[in-house]
Structures are given as C-alpha cells and as structure tokens.
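Scroll down for the structure; my scribbles are underneath it.
So that the names make sense, note that chain A is the first sequence line, chain B the second, and so on, each numbered from 1.
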Number of protein chains: 2
Amino acid sequence: MISIDKTSDKPLYHQLYEELKRQIIDGELRAGYRLPATRTLAATWSLSRNTVVSAYKQLEIEGYITGRAGSGYYVEKIPAPLELEYTVPSYPRAEEEADEKKLTYDFRYTDLDLNIYLTRAFRQSMANAWARAESRTKNYYDLPEGSYHLRASIARELHALRGVNTRPEQIILTGGHYYSLLFITRFFPRSRYSLLMEDPGYPAVWDIFQQEKYDIDYIPVTEEGVDTSRLHQEKNKILYLTPSHQYPMGYVLPINKRIEILNWAVKTGSYIIENDYDSELRYQDLPIPSLQSIDKNRRVIYMGTFSKSTSPDLRISYVVMPMGITVDLRKRFPRFSPSLPLLIEDTLSDYIDRGEYRKRLNTIRTYSRKKHDFIISSLKKRFGSRVKIHGTGGGLHFVLELDTSLKEREIIDTLAASDVRVYSMKEYWAQKERAPENLIFIGYGGIPLTDLPKYMAALGKGLEQVLAK
Amino acid sequence: MISIDKTSDKPLYHQLYEELKRQIIDGELRAGYRLPATRTLAATWSLSRNTVVSAYKQLEIEGYITGRAGSGYYVEKIPAPLELEYTVPSYPRAEEEADEKKLTYDFRYTDLDLNIYLTRAFRQSMANAWARAESRTKNYYDLPEGSYHLRASIARELHALRGVNTRPEQIILTGGHYYSLLFITRFFPRSRYSLLMEDPGYPAVWDIFQQEKYDIDYIPVTEEGVDTSRLHQEKNKILYLTPSHQYPMGYVLPINKRIEILNWAVKTGSYIIENDYDSELRYQDLPIPSLQSIDKNRRVIYMGTFSKSTSPDLRISYVVMPMGITVDLRKRFPRFSPSLPLLIEDTLSDYIDRGEYRKRLNTIRTYSRKKHDFIISSLKKRFGSRVKIHGTGGGLHFVLELDTSLKEREIIDTLAASDVRVYSMKEYWAQKERAPENLIFIGYGGIPLTDLPKYMAALGKGLEQVLAK
C-alpha cells in the first residue's frame, strides 16, 4: 500500500520517494527486493511514468536502491541505526542568560553611547561602499589579509596619528583583538618564542597564548613601568606591552624604559607586541608617541582596533607586522581566509579617506574628555585623598584605589547593594598573590554625559558606604 | 637656542615640547640637567608661562624629565637607542601580485557572478538593519557566538531546508570555514581526539588540524563513499566528511554508509564533521538529506556557509554543535570575542526572516542549473566518453576526467596556452601517490550564463589539444 495524496502541494515524485524510503528504512521492503518496473508501478497507482522514474532516481542517488542494467532496481542493505536514550538539554531563555543581576548604574567598560550609525557621514560611507559593491561584476574572496584599500587607508592614518611606520603590505585586518593575537602566534611559534607579559595585564592575552601552549612569564608593572631588570637574562621573547596607556592601570611607559626595552629586543632576538588599544583617546596632553614610531630595528608588532573610535560591533582590528617579516598570507598560510566583510571594509576606508574618521575622533575625544573630567572632579570633590584615581588623561576607564580594608568582593557587593555595578580588578593579575584588594575598575564609554551626574551620585553614595566600613 | 615658529599652525607648547625632546635625545641637554624655571624660560623666549608648563608636563608624562617638589624639573637619563643597518624590503606593486598570469577564460571556483548587492530585497534588509543600529542607545560587544537573532533565523532555516535539528544555542557564527574549523578544534582538543579525513578532501581542513598538531589519518573515498572498513579499529576520532556533495569529487555518500558511520561514531565515542558547503545548490533531484538530520545520537558537528547563497565577501559561516555539548562560550572560553559585524548579522537575519533568502536560493538554483546543464551538454556533445564528468547534479564545480596520458601539469599548461585557466586536482589528495594525473577542476560560479558559450568553446578547443596529444 502506497500512501500518496494527489491534492497535496508536495510533488507526487517527492511523495513516492518519501514513501518508498520509509518502507525501506522500516524493513517493509527488504534488502535484495526487486522494485516493480517503473511502467508497472505507474499503471498500478495511476501515476505518470516520469513520477516513478524521478522517485527511483532520487532513491538511487541516496543509495537506497541500485539499478542493474536490464534487470531493474533492487533495495540495498541498510544497517539499522543505533538509537540511544537522551534527555533533552534545557537552555535558559535568552533573557535569563545574564550571569549577574542587571543594575541601574553599570560602569561597564566596553560599551559606547556615541552611536556612529546616527551620523550622516558614516551612512554616506556605507552608501558609497554599497555602490562599489553593486558595480562589481563578481563577488569573490579577497586577500586573506583583508582589503588592500583599507590597509592603505590605515597605514596612512596610523602614520599621521601615531607616527607608525608601515606599508599596507605589513597590515593584517582581523575581526578583533582575539584574532589579532591568534595571527601573531602563527608568525611567532611557541617552538621559537615564549611570552613575557606585563602583570597586571590583559587576561585574554595570556589565555590565548596558554591555549596555544606557550611558556609564559610575568613581569610586574608599576607606575614606573615594567620592571626591566627582569629582562636581561631573557631571549627570544614576545613581550606584551600597553605602553601608552597601560591596561588596566593606565600608566604611561617612560621613554628611558622604552629605549631600554627596544635595545633589549635587538640584542636578544625578541619582539614586542604593542597594543595601542585606546591611544587615540588622550585628553589633557599630546598623544603619547607609539613605541613603534621610535623603533629603528623592526622589533615592534603593533596592534590596534576601531572598536573605540567607531563602534565595537563593527569588529575591525588590525596587526602591523614589523617590516622585516613577510606577511603575504597566501604564500605563508594559504588556507587562511579573509575574515572581514568587504562592505564593512569599504565603508571604513571611505570614511577614513574622506577625512570623516579624523573628525569623528575629535568629536569622541571632546565628548569623552568631558566625561573624564566630570568623573575626576566629582570624585575629588567628594572624597579627596580617600580615593586615588589611576589612569587619568585618556581612555574610557579608571582604576580607583580605595582607602579601605574591605576585600574586593565586599567592595563590589556593597556597591551592588546601592544599585551600582563596578568591576573586579583582581582578574587582571596573573600572579594573584600580588593583586591588591582595594582597587576597582570603572568604565564610562557607555554612559551618556547627561546621565553621568546620576551615575556619579550613585557611585559616590556607594563609595561612602565602602569607606565607612 | 630654541627654534620656535610663532607663525606655524602647530601650538607653541607642542613646538617647545618637540624642541626640548630633541635636545634631550641628542644629548644637548644632559641627564641630571635642571631645566630653567617655567617663569624664566617663558620670559627668555617671550612665551606665556602656560606654554612652558604644558610642554614640561608632556615631557614629564613621557618620562623625559622629572619634577622634584620645590626644586624644578630635571632631565632623565635616557639610554641611546641601538640602530642596526637594514635594507628596505621591496614589495611587488599590488597589481603585480598575482602568482599566475591572468587568462581570459578562468574557471575559478569561488567567484559568484550573481550580485546580491544589486537586489532590492538585500538593500532593504540592510536598511532595516541600519534602522535597528540607529535605535540602539549603546553600541556593545555581542555574545561571542554571534547574534542570537541570526542564530535563531539560521536554526529555523536549516530545519526547513536541510532537516537539521538544532537550537539557536548550539550555533556559533564565524567569519568563514577557517574559523569554523578553529572553533571545532577548541571543543575537541587533540589531547582527546584525532582527525580522520576523507582523501581526496579539502586541504584547508588538514592544514588547520596539522597546525593545531592533531594526529591525522586519511581514508580513501571513491564513488561508493569513504572506505568504512577502515573505521572499525578507530576510537575517539573526528571524522571529516562532505556527505551530500563530496569535495572535490562531487559524490553522494550512500545511505548504508551514512548509517554505518553514525553507528560507528556512537560505539567509538567519535564525532563527525559534516561540511554541508553547497547542498542548497542541487539541480536535478531533491536535496540530499543532511547527515545531521538522521543522527539520533548527537554525533554530528554540522558546518555551513552563506558564501554561495549570498556572497563570499559577506564572510558568514556557522557551526552547529551537537546537542550534548555546551556551547556557551562566555563560560567555556571567556576571552573569545564575536567575530561578525552586528550590522551584517542583522541584515542577514532580516533577509532570512522576510523570506527573501528562500527566494534568492531559488533564483540562484535556477540560474546555476542552466549553467550546469549547458556545461554538461556542451562537453557531452563534443567529447562523448573521452571526457568523464564527476560531480554532476549540484554545486558550482565539476571534476573532468580526461582520456589522456599527459601529466596534470601538462594538461593545465596546454589549456593555459589556449587562454583557459583550469585548476589542479592533485592538491586535494593528502596521499599524493594516490592522485590521478588526468583530472582537472573547473568552477563556474563566477562565469555569467551569457558568457558560458564562449568559455565552453575555449575550453573545448583546449581539451581537443589535450586529448590529441
């Protein structure tokens, strides 16, 4: 008995195919059984012969039956599928996913409240990029390093803004710092290099290098910069630094240490990763020159991002490899594929080339400076020397040092009770025993300037309670 | 002597800072030298005192000088930078970069000539995504797995089109198959799993697993599918398969081997990577059901891409992890960052949700089927059995088997002499000694249907010469 519904939307051959397939799987048609000739089956069920031919053909392509010349179609031997018992895993609903309770006054670091999508200039750049996409006769895979055009725009811009000396050919575009670091591990394998890391530092860095099984050592960093006395005996290292605005502490690495480190790298065959993650945001003074700009010996791997100067959801970061290293990924790693959408790359290069990126930076800088200054003055007015502010002068975060003997967890919980979310500093220390208890991390990129008085009032109230304990 | 140009656009404090910095670096101002008091220097050079204070402050931030309370500013000891001699590396000009000469009739695989950016529906989806971006009060980092909304759209669509059973929570969005495979290595570490790979297969796969230091073994694949007799003694494997359209040969894995392989995976604690890279492009018959759709025991890791159904430059691929595995990247790999721009994710989910993706698939399928049929009929008419065509029925490429004793290189060169570019097949074999000499790879995704007669005439002419040798 074959069940076929001639009034269904599903083509008859599709129904016949499914029906026969079911019969074979269920064992109603046994292995070795010879199917009726197409003509016969068609006549029996008042189907066109084509319908039967198409159904048989699909079954043959998928291996349920085999045609033998002059003899017809036979059912294949199909093993019985194993089936184990499982319980369906339960998922939290997407809204419930948050690990921590949502608080009203959240000093989250990575948000940005200046919405670039609202600007006419960025919209125009997207329209220009779209027009370019329309005019292409083919869609294709670009170079694995990313768009040459955007890399040229970035090379020019980095030279003008950060003194970075590079050719577009030395730049690799990536979908974020995670991928930038991953690329670096490909060029500097653990068989030849190990990692030296500033401590406190950025945990993502040591996580990625650990995942890739590198040996890792940590150098304490203080207001005077990393402890360079630790470098002398080291060879073939990758030294990770944030010299212009130490992450998370916000210190500036002094010039004598910069030169000492560059000289050390030359003498020991080492390289320095300079993560210049927020140096475009400098408020009180001139920008701090990049380490790459004074490196005469090509020891600096420079990395940066557009997350803070455009939007974190654009996912555009980059690595500038030292001149002595051949980047050409098609030759070195022929299986790498480009990771950024061409439309987004073209939008950004248009935005840079028309001078709009530079203007946007000024807008962000002016706006963020107001937040920066407001936070400092409101903390100073209320707390004086009871709260020391680390990392002033740039960026979108501060580290607050509190005159308290509370544990970090107690500080964060006390503030949470006042509906204020601040962030742990301890996670930034690899050597946990060195981590102080009385530091907290606050970011202000996502807080609108007009809301800042409310945020600071709430933070101030919470801090009063912390300091009173 | 201080050189300051009062007519310059550069602020005076900036000029003074640069001049003093130069003097310190050049040793004109020695370490320990006490700088003139700000008031004195200002009076000497007719500058405002503020100008001098700002310049000193910047020099202090960067570590060139140090202020001592009540005593003034002193020059720091700055080590002399080492400077080695280098020759500037030379780069080929971007236009000269191509490895191989450009030929008129290029049967490149990865191009697409159907330009999605020219469609009203895709433009509308981008506009809708932009409107959503404008309405956000903050820009932020999304989940590392990528947009939940798009993952939900994909889960729905995969179920409808490919019978794939998944929750959005099991999907990870990536910037391409390279990154999809990289994610898989993170979930299935080499300490517990080794790779089994169909041969011929996709070299990117073994490259990536090799880079990650996995043990790799290869199983020959023929028209009857992979040699499953090779599986019995294997345990804890990741078996890489392209069951619906073997890459590169184009075979369909028969149902009995599918079930055999699924049963083997259950019994041996192994997993199967199903790369369903082009199964949406099936022309003559029904789509081939995915392996994931008949997997009752959660052994299949399913991966796919939007490169062929939208545009390769959009860079959207995905991995569907088996239900038994907890994906939650924030918990498992807290340092992963999302790799796709939210704007592109939102565009695609809008495009899918409005039913436009389904329509587009039909357009592409109808259009590509015409190319597929034209190529087959033109080869059959001209060459009959002298050219065997592998991989008909779907996709955007064929493998041609030629009745010739020429070496592969000679075949490719003979065709190149006729201005025709075809591609090597040998690179797809890991076990090179098994690779036949008389196969060539042709792709047709980038060749407009209207140009196809010219392309096939040129290819035919070239093949005549190959077969005559």
pair A:Lys267-B:Leu82: side-chain heavy atoms closer than 4.5 Å: yes

Shortest non-hydrogen contact between B:Ile61 and A:Ile288, atoms and distance: CG2-CD1, 3.6 Å

Verdict with supporting geometry, B:Tyr117 and A:Asn139, side chain to side chain contact (heavy atoms under 4.5 Å, CB included): CA-CA 9 Å; B:Tyr117 298 101; A:Asn139 299 137; 4.0 Å; yes

Ring geometry between B:Tyr178 and A:Phe336 (parallel below 30°, tilted from 30 to 60°, perpendicular above 60°): tilted

Options B:Asp142, B:Thr174, B:Leu340, ranked by heavy-atom pairs under 4.5 Å with chain A, top entry: B:Leu340

Side chain, backbone, both or neither of B:Pro144 within contact of chain A (heavy atoms, under 4.5 Å): neither

Nearest-0.5 Å distance that lies between atom OG1 in B:Thr137 and atom CG in A:Leu112: 12.0 Å

Among the listed options A:Gly175, A:Ser54, A:Pro289, A:Ser307, the residue most often paired with chain B at heavy-atom distances under 4.5 Å: A:Pro289

Heavy-atom side-chain proximity of A:Pro341 to B:Pro341 below 4.5 angstrom: yes

B:Pro11 portion near chain A, given a 4.5 angstrom heavy-atom threshold: neither

Pair B:Ile344-A:Leu343, side chain to side chain contact (heavy atoms under 4.5 Å, CB included): steps then yes or no: CA-CA 9 Å; B:Ile344 299 290; A:Leu343 188 70; 4.3 Å; yes

Heavy-atom donor-acceptor pair, B:Asn115 side chain to A:Arg136 backbone, under 3.5 Å: yes

Contacting region of B:Tyr179 [heavy-atom separation from chain A under 4.5 Å]: side chain

Nearest atoms (heavy-atom pairs only) where A:Lys138 meets B:Gly446: CE-O, 3.2 Å

Approximate separation, where rounding is to 0.5 Å, of A:Leu118 CG and B:Ser135 OG: 9.0 Å

Contact class of B:Glu212 relative to chain A, heavy atoms under 4.5 angstrom: side chain

Interface residue of largest heavy-atom contact number with chain B, from A:Gly393, A:Ala131, A:Pro189, A:Ala133, under 4.5 Å: A:Ala133

Atom group of B:Asp207 that falls short of 4.5 Å from chain A, counting heavy atoms: side chain

Contact origin within B:Ala80 toward chain A - heavy atom pairs under 4.5 Å: backbone

Chain A contact via B:Phe122 - side chain, backbone, both or neither, heavy atoms under 4.5 Å: both

Side chain, backbone, both or neither of B:Tyr251 within contact of chain A (heavy atoms, under 4.5 Å): neither

Which portion of B:Glu76 sits near chain A, non-hydrogen atoms under 4.5 angstrom: side chain

Point-to-point distance, once rounded to the nearest 0.5 Å, from CD of A:Glu345 to CZ of B:Arg315: 9.5 Å

Proximal component of B:Arg151, with respect to chain A [non-hydrogen, under 4.5 Å]: neither

Distance, nearest 0.5 Å, that separates CE of B:Met126 from CH2 of A:Trp130: 5.0 Å

Heavy-atom proximity to chain B below 4.5 Å, by part of A:Lys21: side chain

Stepwise side chain to side chain contact (heavy atoms under 4.5 Å, CB included) check, B:Asp111 with A:Tyr141: CA-CA 7 Å; B:Asp111 297 345; A:Tyr141 287 97; over 6 Å; no

Flag for A:Ser311-B:Tyr140: side-chain donor and acceptor within less than 3.5 Å: no

Proximity breakdown for B:Lys57 and chain A, heavy-atom pairs closer than 4.5 Å: side chain

Under 4.5 Å from a heavy atom of chain A, the part of B:Arg258 involved: neither

Gap between atom CG of A:Leu59 and atom CG of B:Leu286 - 0.5 Å precision: 9.0 Å

Atom pair NE2 (B:His177) and OG (A:Ser337), whose distance is rounded to the nearest 0.5 Å: 4.5 Å

Most chain A-contacting option - heavy-atom pairs closer than 4.5 Å, from B:Thr119, B:Val252, B:Asp295, B:Leu253: B:Val252

Side-chain touch B:Arg186/A:Gln211, heavy atoms, less than 4.5 angstrom: yes

Check: A:Ile255 main-chain N/O paired with B:Glu62 side-chain donor or acceptor under 3.5 Å: no

Under 4.5 Å from a heavy atom of chain A, the part of B:Glu18 involved: neither

Pick from B:Pro254, B:Pro312, B:Pro243 with the largest number of heavy-atom pairs that fall under 4.5 Å of chain A: B:Pro312

Under 4.5 Å from any heavy atom of chain A - which part of B:Glu134: both

pair A:Pro81-B:Leu262: side-chain heavy atoms closer than 4.5 Å: no

